[in-house]
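All heavy atoms count here, side chains included; hydrogens, waters and symmetry mates do not.
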Amino acid sequence: MATEQMAGAEMIIKALGDQGVDVVFGYPGGAVLPIYDALFKQNHLRHILVRHEQGAVHAAEGYARSTGKVGVVLVTSGPGATNAVTGLTDALMDSVPLVCLTGQVPTHLIGNDAFQEADTTGITRPCTKHNYLVKDVNDLARILHEAFHVARTGRPGPVVVDLPKDVLFALGTYRGPETVQHKTYRPQVTPDAARIDEAVALIAAAKRPVFYGGGGIINSGPRACALFAELVRITGYPCTLTLMGLGALPASERQFLGMVGMHGTYEANLAMHGCDLMIAVGSRFDDRVTGRLNAFSPHSKKIHIDIDPSSINKNVRVDVPLVSDAGNALEAILAGLKARRFKPNQEALAAWWKEIEGWRARDCLAYVGTDKVIKPQYAIERLYQLTRGRDIYVTTEVGQHQMWAAQFFKFEQPCHWMTSGGLGTMGYGLPAAVGVQIAHPDALVVDIAGEASILMNIQEMSTACQYRLPVKIFILNNQYMGMVRQWQELMHGGRYSESYSAALPDFVKLAEAFGAVGLRATRPEDVDRVIKEMLAVDKAVIVDVAVDEHENCFPMIPSGAAHNEMLLGPEDKKAAGPVSEEGMVLV
Amino acid sequence: MSAIEKHTIAVLVDNEPGILARVVGLFSGRGYNIESLTVTETDRANSLSRITVVTSGTPMIVEQIKAQLSRLVPVHAVRDLSAEGPHVERELALIKVAGTGEKRIESLRLADIFRARVIDSTIESFVFEMTGSTEKLNAFINLMVPLGLVDVSRTGVVAISRGAARF
């Protein structure tokens, strides 16, 4: 057992090392100077200097989601901590394991409105899985190890450890991670056997089943993804995935119906609506998925596997709740099916697939191409085609481009798609790409962006250039906050209040100003050329793709509508009439 | 819409800084109701506090409240006393009544009927101490209004299960 005397700041470096941390994303300041001093004196822990604390958190998220490890953030007190809040909330909503170390004024000044003081534990209480204020250096090592344990186990999430400056200087006793056993925190990770039997019986008897997989499968790890794919294959049942779940099943599988939800495919949403059994695995019946709740999948029994008991029966009442790690539950279900020599009801399944193929034949993602202007969908399709076979990681910002990326980019593996799903944070994609590239230096990392979102954390171009990260920023520039404009068109009579991106920078020159490469495409025939040029450059690149300003993202379930009330294109919009009053108030 | 139900929930937590803020913040942040809330340390050796919260909501909301409380890291256990079988509930109130003459005598007579104790007295006021169910306290306080009710301080509900079982 390792017990040594050392200063708080050194203890932090030691604890991070013992937790297997190799990278920290951070920004220095007065309250954390002792930690930066300790960082300076060692060389096993790498520090990545971001340009804004929000960027540090998103970079750590990108790192965590592309590796399955805990992302680590180090920021100073006051504004350092408050700037991290958006990232922490993002990580909480999307279940990303993070440990965020925040500086704090010395303990005797807490509550005095000292310089750069903020009530960090108070502010971050609702946007973290848990947080700590360390008041005694002898608690520091235990708290740090606990923080990692809480962040990575159960439903993962961000944990803040607030560190008063005097604690960083104080001498205390270090304890290794093996000595720490949490008093209360025991997430349930194995399923109840009786519930598994019920689930197996329902799966075996289903005639119109659908798998509805989410980010929980990916969070559970590669084993869960493999088991999920196996279960989908041996049953022959159709499968849809949420925005966060893309990659949990290879997109090229014939049984994959595409994404579910507001901008999901026609076939996925109608299968959800018309199924007799829904098997939800690591998905949480989010409002973007369900549409109008009282019309959500009205005729189905529902099995819900989730590691977080509070996700179960929150929005939709289910018949078989299974509180468990996704991998463990899937393993038990597979064993149960094998034990009863499961054979799917081929006749019923054939009829169900025939119906689904009918929906599929509508080709809901089709768009009208033109040789005059670049369609955003076309740009993403070309990006996908020209990067196939490469080790590619895609991040996005938030808006229309994000939905098109989810629809048109096909993910064959988990952990290769990083997007802000729950919180919908514009400005996520570039810093996340930085974090991904740090974790995977030789991979191709592309941020599919919009011209409005990218400006929210554009300063991270400096970080990318400082560390020579060859991240590619692929901007679909329609000169509008596209999703805002789309909603204004659909619901507010086309009054485009403040959604025009006026006074945009010249992105080519902007790239050059940062020391990166800037490229531009304005006509469809430019698209392939700029993508190839972008891929040929071993530096950060911003590609400004001027796309059709008026293209909208379809299919779409308008807010307040049900899965079977999708709009497939602009013509449907006119036919469907105005959005209901109930729908108008929804976000 | 399902009917709104009232539930008394006991929560055993680590007695650490910020725990009450976590619980209260959970209720306010998610729009749940708090009808009453009491908290104090109940096990000094293990540094445990017990929170008793009376809340109301549809069965689905009450289930959410329990799941959300259980999810807080310093929470040891959550018990829905209303749902889990027989339990007893008590509340304590200190009730100040000011007056002279017949009203003063009547308040004392009613206090006797309700088994309230006088714990402070001047020639023109009483402070009554009373324990009982919320309904009993409400009834007594309502009776005191015309007799010169001045001030009320109540603890909120504390509750415990009947029988020999531990928390």
Side-chain angles (χ1 to χ4, degrees), chain A residues 89 92 95 107 110-111 119-136 139 142-143 146-151 153-162 182-188 284-285 293-294 304 306-318 321 323, chain B residues 1-3 5 7 9-32 34 41-51 53 55 57-80 83 166-167:
Chain A
T89 312
L92 183 73
S95 312
T107 41
I110 289 178
D119 174 10
T120 301
T121 47
I123 291 168
T124 61
R125 205 172 280 129
C127 66
T128 53
K129 184 173 172 185
H130 194 48
N131 63 16
Y132 299 87
L133 170 63
V134 185
K135 284 188 162 169
D136 180 344
D139 292 332
R142 172 185 60 81
I143 287 174
E146 262 186 35
F148 276 87
H149 177 65
V150 170
T153 55
R155 178 176 178 177
V159 178
V160 160
V161 183
D162 202 23
H182 200 279
K183 276 195 288 185
T184 51
Y185 175 72
R186 305 272 182 283
Q188 185 182 337
R284 60 183 180 92
F285 296 88
L293 272 175
N294 61 11
H304 188 187
D306 205 298
I307 200 162
D308 178 2
S310 74
S311 283
I312 291 175
N313 289 333
K314 179 162 66 180
N315 304 324
V316 172
R317 196 154 271 290
V318 299
V323 178
Chain B
M1 269 308 272
S2 321
E5 298 172 357
H7 282 247
I9 296 170
V11 192
L12 204 61
V13 300
D14 276 329
N15 183 15
E16 62 176 39
I19 178 61
L20 187 58
R22 270 180 223 288
V23 170
V24 172
L26 189 158
F27 275 79
S28 64
R30 293 183 182 268
Y32 305 144
I34 298 181
E41 191 173 61
T42 51
D43 179 349
R44 180 159 290 266
N46 295 304
S47 189
L48 293 177
S49 286
R50 182 172 170 131
I51 296 173
V53 55
T55 184
T58 61
M60 213 156 159
I61 294 285
V62 172
E63 194 184 330
Q64 260 300 297
I65 291 173
K66 290 184 274 182
Q68 293 290 349
L69 283 169
S70 307
R71 206 159 79 120
L72 297 177
V73 169
V75 166
H76 285 250
V78 177
R79 292 276 179 276
D80 184 345
R166 261 172 179 275
F167 189 91

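Contact annotation: the side chain of B/Val73 never approaches that of A/Glu146 to less than 4.5 Å [non-hydrogen atoms, C-beta and beyond]. Side-chain contact between A/His130 and B/Arg22: present, with at least one pair of heavy atoms (C-beta onward) separated by less than 4.5 Å.
In this structure, A/Lys129 NZ and B/Leu72 CG are separated by 11.5 Å, a value rounded to the nearest 0.5 Å.
Comment: A/Lys183 does not engage B/Glu16 in a salt bridge, judged by the lack of any side-chain N to carboxylate O separation of less than 4.0 angstrom.
With a threshold of 4.5 angstrom between heavy atoms, B/Val13 does not approach chain A through any atom at all. Using a 4.5 Å cut-off between heavy atoms, A/Ile312 touches chain B through its backbone atoms (N, CA, C, O) alone. B/Glu63 touches chain A through its side chain: at least one heavy atom from C-beta onward sits under 4.5 Å away, while N, CA, C and O do not. Heavy atoms of A/Arg186 lying under 4.5 Å from chain B are absent altogether.
Highest contact tally toward chain A, considering only B/Gly29, B/Ala77, B/Gly18, is held by B/Gly18 [criterion: heavy-atom pairs under 4.5 Å].
Evaluation of the side-chain contact (heavy atoms from CB on, under 4.5 Å) rule for A/Asn315 yields A/Phe285, A/Leu293 as partners, not counting sequence neighbours.
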For residues 120-127 of chain A, tabulate all N or O donor-acceptor pairs below 3.5 Å that involve a side-chain atom, not counting sequence neighbours.
{"unit_1": "A/Thr120", "atom_1": "OG1", "unit_2": "A/Ala118", "atom_2": "O", "d": "3.4"}
{"unit_1": "A/Thr124", "atom_1": "OG1", "unit_2": "A/Thr120", "atom_2": "O", "d": "2.7"}
{"unit_1": "A/Thr124", "atom_1": "OG1", "unit_2": "A/Asn131", "atom_2": "ND2", "d": "3.0"}

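Between the side chain of A/Ser310 and the main chain of B/Gln64, no donor-acceptor pair closer than 3.5 Å is present.
Smallest separation of non-hydrogen atoms from A/Asp308 and B/Arg71: OD2-NH1, 2.6 Å. Counting all heavy atoms, side chain and backbone alike, A/Arg317 lies closest to B/Met60 at NH2-CG, 3.8 Å.
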